[in-house]
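Quick note: numbers below take in every heavy atom, side chains included, and nothing from hydrogens, waters or symmetry partners. A quick note: this is a predicted structure, and the numbers were derived from the prediction, not measured.
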Amino acid sequence: MKRNIVIAVVTAAALVGGGTATALAVSGDDDDASAPVTRTDDDRDDRDDRDDRSDDGGDDGDRAAAPGDVTAADAIAAALKHTPGTAVSAELDDGSWEIDVLGKGDTWHSVRIDPGTGKVLGSSKDDEDDAAEVRAALKGTSVTAEQAAKAAAAKGTVVSVDLDDDGDDRGWEAETRASGGDGQDWSVGLTTASVTADRDDD
């Protein structure tokens with residue numbers, strides 16, 4: 001009487017990179033009973049991980065290195081929501097937006113905005129002696145710093161907006177950066193929001 005011993009072992013393993021199931025059948029008989037081995041690797045988790053990274057637009061380092069999450073206009077709006085007044089300038093400097101806001105009287109506020117989240121990082125108050133000149137320069141105008149930033153954004157990524165209150169050439173000055181890093185200065189009209197190349201720009 002021939003004795004056949006069949007041992008079946010099924011092992012299921014859950015791995016971080018995917019699950020592996022192995023089925024092993026061994027025959028104790030010397031007859032040609034090969035041991036079939038079946039492996040099924042599930043790489044769905046790997047695809048999910050890649051999809052997640054793709055949805056995020058890359059890792060945090062790449063995202064932080066790409067400016068433009070919070071535009072100049074967005075930063076101005078956030079600063080004015082925190083500190084009511086008249087925004088006079090906005091500049092992306094030292095890793096944050098710095099917005100100068102003219103408040104009541106001669107009080108100036110400097111509000112820092114996170115360029116990645118739009119949150120207020122801090123603010124400070126100063127008393128400057130040029131408030132009257134700035135108010136005079138803005139009298140009768142209809143284009144705000146935020147609107148000037150939006151208008152200049154058609155020319156590139158706006159990195160600064162500032163009020164030029166000198167003489168007859170009053171207007172908003174905006175600087176944009178192209179994707180290659182080249183800068184360009186623009187003049188934005190105080191009443192029309194028309195954008196023209198700054199004639200003083202080299």
Side-chain angles (χ1 to χ4, degrees), residues 63-202:
R63 184 175 178 83
D69 285 350
V70 176
T71 66
D74 293 336
I76 293 170
L80 292 178
K81 184 177 180 180
H82 177 270
T83 305
T86 302
V88 176
S89 69
E91 182 178 9
L92 187 59
D93 185 43
D94 292 334
S96 66
W97 282 105
E98 294 186 7
I99 317 297
D100 287 335
V101 178
L102 176 58
K104 294 180 179 180
D106 295 337
T107 303
W108 286 93
H109 301 270
S110 179
V111 184
R112 292 186 298 112
I113 303 294
D114 188 311
T117 65
K119 293 182 178 179
V120 176
L121 298 175
S123 64
S124 59
K125 184 171 65 173
D126 295 306
D127 289 328
E128 300 290 344
D129 58 2
D130 60 346
E133 297 174 11
V134 171
R135 292 189 192 281
L138 290 174
K139 186 176 181 179
T141 64
S142 55
V143 178
T144 65
E146 181 180 353
Q147 292 169 332
K150 289 180 179 179
K155 304 295 185 179
T157 300
V158 178
V159 294
S160 72
V161 176
D162 191 21
L163 176 66
D164 181 5
D165 58 357
D166 292 335
D168 296 331
D169 295 329
R170 295 182 304 153
W172 294 106
E173 292 182 342
E175 180 184 357
T176 61
R177 293 285 172 85
S179 57
D182 295 332
Q184 174 70 48
D185 291 334
W186 306 91
S187 295
V188 183
L190 289 173
T191 58
T192 63
S194 59
V195 181
T196 57
D198 190 340
R199 60 188 179 188
D200 293 331
D201 184 30
D202 296 329

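Sorted by first and then second residue, the salt bridge (charged side-chain N to carboxylate O under 4.0 Å, His left out) pairs with a member in residues 112-124 form an empty list; sequence neighbours excluded.
To the nearest 0.5 angstrom, Lys155 atom NZ is 13.5 Å from Asp185 atom CG. With values rounded to the nearest 0.5 angstrom, Leu80 atom CG is found 8.0 Å from Thr86 atom OG1. To the nearest 0.5 Å, atoms CG (Asp164) and CG (Asp162) are separated by 8.0 Å. The line from OG of Ser187 to CG of Asp198 is 4.0 Å long, rounded to the nearest 0.5 Å.
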For the pair Val159 and Glu91, evaluate side-chain contact (heavy atoms from CB on, under 4.5 Å) and give the outcome as yes or no after the intermediate values. CA-CA 6 Å; Val159 294; Glu91 182 178 9; over 6 Å; no
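Considering only heavy atoms from C-beta on, Val158 comes within 4.5 Å of Val161 through its side chain. Using a 4.5 Å cut-off on side-chain heavy atoms (C-beta onward), Leu92 and Pro115 make contact.
For Ser96 against Leu121, the heavy-atom pair with the smallest separation is CB-CD1, 3.9 Å. Across all non-hydrogen atoms, the minimal contact from Ala78 to Ile113 is CB-CD1, 4.0 Å. A pairwise comparison of heavy atoms in Val88 and Trp172 identifies O-CZ3, 3.2 Å as the closest pair. Between Ala136 and Arg170, the closest heavy-atom pair is O-NH1, 3.5 Å.
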Atom pairs and distances, donor-acceptor, side-chain atoms in residues 97-111, under 3.5 Å, two or more places apart:
unit_1	atom_1	unit_2	atom_2	d
Trp97	NE1	Val70	O	3.0
Asp100	OD2	Ser89	OG	2.9
Thr107	OG1	Lys104	O	3.4
Trp108	NE1	Asp130	OD1	3.3

With a 3.5 Å cut-off and sequence neighbours excluded, list the donor-acceptor pairs that the side chains of residues 145-152 form with protein atoms.
unit_1	atom_1	unit_2	atom_2	d
Gln147	OE1	Thr144	N	2.9

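Residues satisfying the salt bridge (charged side-chain N to carboxylate O under 4.0 Å, His left out) criterion with Arg177, sequence neighbours excluded, are Glu175. Listed by chain and number, the residues in a side chain to side chain contact (heavy atoms under 4.5 Å, CB included) with Lys81 amount to none (sequence neighbours excluded). Residues satisfying the side-chain hydrogen bond (donor to acceptor under 3.5 Å, both in side chains) criterion with Asp93, sequence neighbours excluded, are absent altogether. Qualifying side-chain hydrogen bond (donor to acceptor under 3.5 Å, both in side chains) partners for Thr176, counting only residues two or more places apart in sequence or in other chains: Trp186. With sequence neighbours excluded, the residues satisfying side chain to side chain contact (heavy atoms under 4.5 Å, CB included) with Thr141 are Leu138, Leu190. Partners of Ser194 by side-chain hydrogen bond (donor to acceptor under 3.5 Å, both in side chains), not counting sequence neighbours, listed by chain and number: Thr192.
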